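What follows is a short report on a single structure.
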Amino acid sequence: MRIWAKIFSENRMLRDMVIQNEDPQTTRTKKIFAALDEVCLAFDLSVPLWLDANIAEFKRHAKTRFRQDSFVDSIDFDFLELQVIEED
């Protein structure tokens with residue numbers, strides 16, 4: 001599984017990274033949570049909360065955007081986008 005994380009501000013991508021997890025023993029959900037943890041560590045962010053809207057959007061499109069309401073700390077960008085670009 002490959003997941004692309006992107007930070008946007010004013011319709012411009014500021015940072016991005018791709019996380020790859022090929023462990024066949026790990027479930028899809030655990031791979032997604034692990035990728036989000038890795039992204040937040042690399043970008044020096046607190047891990048955002050999965051709100052109902054994020055869960056529904058991710059189930060529908062394999063992509064979601066975490067905005068200020070998902071973060072406990074204040075953020076200096078508009079949103080963090082997480083998108084599955086390749087499934088196992």
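Just so it is clear, the model here is predicted, and its values are computed rather than measured.
With sequence neighbours excluded, the residues satisfying side-chain contact (heavy atoms from CB on, under 4.5 Å) with D73 are S46. For F43, there are no ring-ring contact (aromatic ring centres under 6.0 Å, His included) partners at least two apart in sequence or on another chain. Residues satisfying the side chain to side chain donor-acceptor pair (under 3.5 Å) test with D37, not counting sequence neighbours, are none. In this structure, the side chain to side chain donor-acceptor pair (under 3.5 Å) partners of T26, at least two apart in sequence or on a different chain, are D23. For T29, the side-chain contact (heavy atoms from CB on, under 4.5 Å) partners two or more places apart in sequence, or in a different chain, are T27, F33. Every residue was checked against the side chain to side chain donor-acceptor pair (under 3.5 Å) condition with Q25, not counting sequence neighbours, and none meets it. Checked against side chain to side chain donor-acceptor pair (under 3.5 Å), E38 has no partners two or more places apart in sequence or in another chain. Partners of R2 under the salt bridge (charged side-chain N to carboxylate O under 4.0 Å, His left out) rule, at least two apart in sequence or in another chain, are E86. Residues meeting the salt bridge (charged side-chain N to carboxylate O under 4.0 Å, His left out) test with E87, sequence neighbours left out: R28.
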In a table with atom names and distances, give each donor-acceptor pair under 3.5 Å that connects a side chain of residues 77-85 to protein atoms at least two apart or in another chain.
residue : atom : partner : partner atom : Å
D78     : OD2  : E10     : N            : 2.6
E81     : OE1  : R65     : NE           : 2.8
E81     : OE1  : R65     : NH2          : 3.2
E81     : OE2  : K6      : NZ           : 2.7
Q83     : OE1  : K6      : NZ           : 3.1

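Hydrophobic cluster membership is shared by L36 and L45, with clusters built from Ile, Leu, Val, Met, Phe, Trp and Tyr side chains linked at under 4.5 angstrom. Cluster annotation: F66 is connected to L14 through the hydrophobic network of ILVMFWY side chains, with a link wherever side-chain heavy atoms come within less than 4.5 Å. M13 and I19 end up in different hydrophobic clusters when Ile, Leu, Val, Met, Phe, Trp and Tyr side chains are linked at under 4.5 Å.
Nearest heavy-atom pair across R15 and A42 is NH2-O, 3.6 Å. When all heavy atoms of V47 and C40 are compared, the closest pair comes out as CA-SG, 3.8 Å.
One distance of note links CE of M17 with CD1 of I3; it measures 11.0 Å at 0.5 Å rounding.
For the side-chain hydrogen bond (donor to acceptor under 3.5 Å, both in side chains) condition, the pairs that include at least one residue of residues 47-56, sequence neighbours left out, are N54-T64, N54-S70.
D16 is not listed as a side-chain neighbour of I7, based on a closest heavy-atom distance of 4.5 Å or more.
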